[in-house]
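This report refers to the structure that appears directly beneath it.
No hydrogens, no waters, no symmetry mates; every other heavy atom, side chains included, goes into these values. Naming: A, B, ... by sequence-line order, numbering from 1 per chain.
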Amino acid sequence: MRRQGSRYAPFTERAVALILSIPRGRVASYGQIAGIAGSPAAARQVARVLHSMSRTLHLPWHRVISSRGTISLPRGEGFETQRALLMSEGVAVTVDGAVDVRHHRWVPRVR
DNA sequence: GCCATGGCTAGTA
DNA sequence: GCCATGGCTAGTA
């Protein structure tokens, strides 16, 4: 039992909350989420959270992209779905998976 | 294209 | 030991 009750590790909790707060039609990068969650170098951990928890927690996983502004998933392994979901929210994505970050980057409000 | 990075957990002892 | 990264560089066009 690595986990108490239905609680996850602190970083994971924060990452999940942040991902859930990305509004429709906006995108954030793995590193951006990691940074705001308090660990700028933990982008990979964010990827892991998305991979393992998106289904059960209904995370808007498609709103997280690479720092280069592109869809990270390989074709045939989520790329098409992510692109379609983003476009359904009004986000322009090229056939190559380049997102129009210019207009759709999530800028969280400071608290 | 390469390689260092961080956080968590499965699974062994 | 996994993971849906990131950033810096070599080397092509």
Side-chain angles (χ1 to χ4, degrees):
Chain A
M1 42 185 169
R2 293 286 90 101
R3 186 182 298 163
Q4 282 182 35
S6 60
R7 201 148 193 88
Y8 296 100
F11 175 84
T12 301
E13 289 274 325
R14 293 194 292 271
V16 165
L18 284 164
I19 294 162
L20 285 171
S21 68
I22 306 170
R24 271 181 72 88
R26 308 267 94 170
V27 293
S29 73
Y30 299 86
Q32 185 185 0
I33 298 295
I36 301 170
S39 304
R44 297 194 78 141
Q45 177 65 7
V46 172
R48 197 193 139 277
V49 165
L50 289 167
H51 176 76
S52 58
M53 309 172 76
S54 282
R55 193 119 48 166
T56 54
L57 300 184
H58 303 294
L59 304 181
W61 60 271
H62 59 286
R63 296 178 190 148
V64 185
I65 62 176
S66 76
S67 64
R68 303 168 183 84
T70 61
I71 289 176
S72 290
L73 296 180
R75 300 180 193 254
E77 296 176 50
F79 176 97
E80 294 80 1
T81 306
Q82 183 164 13
R83 179 166 185 265
L85 285 170
L86 285 173
M87 292 186 70
S88 77
E89 298 185 353
V91 178
V93 186
T94 67
V95 284
D96 291 336
V99 177
D100 180 8
V101 238
R102 180 93 174 174
H103 296 114
H104 298 283
R105 167 85 65 196
W106 178 46
V107 183
R109 298 185 38 127
V110 277
R111 26 192 352 156

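- Of all nucleotides listed (dG6(C), dC8(B), dG6(B)), dG6(B) comes nearest to the side chain of Ser39(A).
- Nucleotide dT9(C) is matched to nothing when pairs are restricted to Watson-Crick or G-U wobble geometry with both distances under 3.5 angstrom.
- Taking atom CZ of Phe79(A) as the reference point, atom P of dA4(C) lies 16 Å away to the nearest angstrom.
- Here the nucleotide nearest the side chain of Phe11(A), chosen from dA4(C), dG7(B), dG6(C), is dG7(B).
- For dA4(C), there is no paired nucleotide, since no Watson-Crick or G-U wobble pair has both relevant distances below 3.5 Å.
- With Arg83(A) contributing its side chain and Gly78(A) its backbone, the two residues share no donor-acceptor pair below 3.5 Å.
- Comparing dG7(C), dC8(B), dA4(C) by their closest approach to the side chain of Ala9(A) singles out dC8(B).
- Among the protein residues, Ser52(A) comes within range of no part of the nucleic acid, since none of its heavy atoms lies under 4.0 Å from any strand.
- Donor-acceptor pairing under 3.5 Å, judged by distance alone, is absent between the side chain of Arg44(A) and the base of dG6(C).
- Nucleic acid contact class of Gly31(A) (heavy atoms, under 4.0 Å, all strands): sugar-phosphate only.
- When each of Gln45(A) and Ser29(A) is assigned the nucleotide of DNA chain C with its nearest heavy atom, Gln45(A) is the one assigned upstream, toward the 5' end.
- Atom pair Glu80(A):CD and dA4(C):P shows a separation of 16 Å (rounding to whole Å applied).
- The side chain of Leu50(A) approaches dA4(C) more closely than any other nucleotide in the set dG6(C), dA4(C), dC8(B).
- Atom CZ of Arg75(A) is separated from atom P of dA4(C) by 18 Å (rounded to the nearest Å).
- Counting only distance, with no hydrogens or angles, the side chain of Ser54(A) and the backbone of His51(A) share no donor-acceptor pair below 3.5 Å.
- Contact between the side-chain N/O atoms of Ser67(A) and the OP1/OP2 oxygens of dT5(C) is not found at any separation under 4.0 Å.
- The distance between atom CD of Gln82(A) and atom P of dA4(C), rounded to the nearest whole Å, is 12 Å.
- Around CZ of Arg55(A), the count of heavy atoms belonging to other residues, nucleotides or ligands within 6.0 Å does not exceed 12.
- A donor and an acceptor atom never sit less than 3.5 Å apart when one is taken from the side chain of Arg48(A) and the other from the base of dG1(C).
- Seen from the ring of Phe79(A), Arg75(A) counts as a face-on cation partner, given the 6.0 Å and 45° thresholds.
- Spacing between atom CD of Gln32(A) and atom P of dT5(C) amounts to 16 Å, rounded to whole angstrom units.
- Atom CD1 in Ile33(A) sits about 11 Å away from atom P in dG6(C), given to the nearest Å.
- A straight line from NE2 of His51(A) to P of dC2(C) spans 12 Å, rounded to a whole angstrom.
- The closest side-chain donor-acceptor pair between Glu89(A) and His104(A), if any, does not fall under 3.5 angstrom.
- The distance between atom CZ of Arg63(A) and atom C1' of dA4(C), rounded to the nearest whole Å, is 17 Å.
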